[in-house]
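First up is the structure itself, then whatever we jot down about it.
Numbering of ligands and ligand atoms starts at 1, following listing order. Side chains included, hydrogens not; waters and symmetry mates left out as well; all remaining heavy atoms used.
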Amino acid sequence: MSGSSESPIEAVPAGWRLPGIANLHSHAFQRAMAGLAERQTDPADSFWTWRETMYRMAARFDPDSLHAVASQLYVEMLEAGYTTVCEFHYLHHAPDGRPYATPTAMSDALVAAARETGIRLTLLPVLYMTGGFDGRPLNERQKRFGHEVDGYLRLFNALHAQQDEMLRVGCALHSLRAVPADAMREALAALPADARIHIHVAEQVGEVQDCIAVRDLRPVEWLLKNADVDARWTLVHATHLNDWEVAGVARSGATVAICPTTEANLGDGLFRLRDYLDAGGAWGLGSDSHISVSPVEELRWLEYGQRLHSRRRNIAVAATSPSVGATLLQGVLASAAQATGFAATDDVVVLDGDSPLLAGATAQDVADRWLFSGNRPAVREVRVAGRRVVAEGRHPNRDAVATRYATMLRDRLLG
Ligand SMILES: [Zn+2]
């Protein structure tokens with residue numbers, strides 16, 4: 001994983017080719033609120049005040065608006081080089097908490113958006129049951145997220161039956177605070193063996209403190225001691241880890257989905273990247289709240305956060321590769337199949353050989369040049385499952401999807 005000296009980017013006539021990048025963590029609806037939570041509402045603004053803005057936005061969605069927003073997001077992802085997206089999806093019911101006449105209506109909107117735009121989708125319906133570690137019921141704004149275990153499994157099975165070449169269905173546990181321990185065990189025991197399992201964990205210090213107060217253990221420690229965490233698992237964020245947890249997650253074979261721009265935007269903290277790489281841990285990227293839809297920016301800020309903290313340079317390197325760019329890309333590519341559930345694909349991204357970013361690039365430096373030299377998009381072509389979904393830097397439906405998105409924002413979501 002972190003030990004290869006080979007660059008994952010190779011020369012082709014049009015420029016430089018690399019495998020498609022998996023986006024391991026997405027809440028598609030949050031694309032519509034990017035940039036709308038950047039005004040101070042309280043001197044103590046935090047993740048928890050941001051969440052209030054997010055809940056207000058979530059309450060406005062229906063299947064049509066989710067479809068329009070997800071379509072826009074997926075076009076942006078494809079044009080940026082993401083070819084698979086894991087949707088951590090919890091907007092299940094109508095805003096008052098009652099199921100839609102078709103209980104999969106919101107999930108169906110995401111599946112339709114993915115199929116129409118051509119991105120691979122790992123749909124992760126979320127089990128969300130309680131409003132805190134103390135087991136308090138969901139509040140009014142959380143009601144549309146909620147299920148009991150049996151209802152959740154009905155939803156899961158209905159979606160899982162639709163799996164095909166472009167769709168995988170896995171299970172998301174929202175977080176330890178939202179899923180009681182017994183319910184977690186019951187749901188996990190009922191899953192098919194191929195199902196991937198994703199969970200938000202240890203994103204915020206407050207969550208770590210609450211978990212210790214109620215369960216006597218830190219959240220990642222609790223999870224490692226109370227679930228069979230293995231390579232089927234993706235731990236989202238895992239920001240706050242002690243030494244035992246760093247080693248334990250790495251040893252488990254689970255993937256950590258690091259979401260650098262969202263974690264920065266929300267003031268979460270810094271993932272212990274160097275320690276985790278030293279332990280041989282698997283990791284990938286998520287764009288999460290979509291304040292950025294760019295693997296370049298995610299990887300750049302993953303490295304820059306470490307530099308700012310350590311006051312050193314070139315942190316994410318491997319014993320056999322001094323290139324930060326190649327090491328970061330290798331890490332992301334190595335975890336994709338196990339985190340998404342799609343076996344190795346032939347999805348490809350071609351970087352524009354005529355881009356000034358890459359002028360004079362060589363196989364040794366092309367990854368570094370792409371990640372660390374400016375902001376002009378360099379993705380020229382993207383193919384997913386043999387279908388060309390980006391040509392000359394553009395998705396064929398870019399304009400129509402953007403027009404529908406703008407109308408939906410103006411008339412329904414922000415109006
Ligand atoms: Zn998330």
Side-chain angles (χ1 to χ4, degrees), residues 22-34 36-37 46-58 61 66 69-70 73-74 77 82 84-92 106-107 110 121-132 138 141-142 144-146 170-179 196-208 210-211 219-220 223 233-241 254-271 283-293 295 297-298 301-302 335 339-340:
N23 188 338
L24 302 188
H25 193 62
S26 166
H27 307 285
F29 79 91
Q30 292 180 17
R31 175 65 185 84
M33 61 173 282
L36 294 178
S46 69
F47 171 87
W48 307 103
T49 55
W50 169 86
R51 195 175 69 159
E52 291 305 310
T53 306
M54 184 270 281
Y55 283 170
R56 279 195 294 279
M57 178 57 81
F61 273 87
L66 184 60
V69 171
L73 175 66
Y74 297 163
M77 285 189 189
Y82 291 121
T84 303
V85 58
C86 298
E87 267 299 329
F88 200 102
H89 169 56
Y90 52 83
L91 289 186
H92 298 302
M106 293 294 267
S107 298
L110 293 169
L121 173 64
T122 297
L123 181 59
L124 303 161
V126 173
L127 177 59
Y128 200 133
M129 301 177 70
T130 55
L138 301 181
R141 288 190 181 138
Q142 295 167 327
R144 70 182 311 189
F145 314 155
C171 165
L173 307 169
H174 180 271
S175 55
L176 294 181
R177 69 176 184 273
V179 182
R196 270 37 182 189
I197 303 152
H198 290 220
I199 183 170
H200 286 135
V201 69
E203 177 177 9
Q204 283 282 320
V205 171
E207 175 197 345
V208 176
D210 288 353
C211 189
V220 170
L223 195 63
W233 286 69
T234 293
L235 310 189
V236 181
H237 305 304
T239 308
H240 301 287
L241 302 178
T255 298
V256 173
I258 311 171
C259 309
T261 62
T262 294
E263 289 158 10
N265 186 279
L266 297 179
D268 289 343
L270 278 177
F271 180 71
W283 65 278
L285 288 179
S287 65
D288 193 355
S289 67
H290 312 305
I291 39 120
S292 171
V293 185
E297 192 173 16
E298 299 298 343
W301 277 101
L302 178 59
S335 65
T340 64

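- Evaluation of the side chain to side chain donor-acceptor pair (under 3.5 Å) rule for His27 yields His25, His200, Asp288 as partners, not counting sequence neighbours.
- Using modelled atom types and a 3.5 Å distance limit, the side chains of Asn23 and Ser287 yield a donor-acceptor pair.
- Aromatic ring pairs are classed by plane angle as parallel below 30°, tilted from 30° to 60° and perpendicular above 60°; the pair Tyr55 and Phe145 is tilted.
- Taking the six-membered ring for Trp and the full ring otherwise, the centers of Tyr90 and His174 sit less than 6.0 Å from each other.
- For His92, the side chain to side chain donor-acceptor pair (under 3.5 Å) test picks out no residue, with sequence neighbours left out.
- Among residues two or more places apart in sequence or in another chain, the side chain to side chain donor-acceptor pair (under 3.5 Å) test is passed with Thr261 by Glu298.
- The set of protein atoms (N, O or S) found at less than 2.8 Å from the Zn ion (ligand 1) reads His25 NE2, His27 NE2, His200 NE2, by chain and number.
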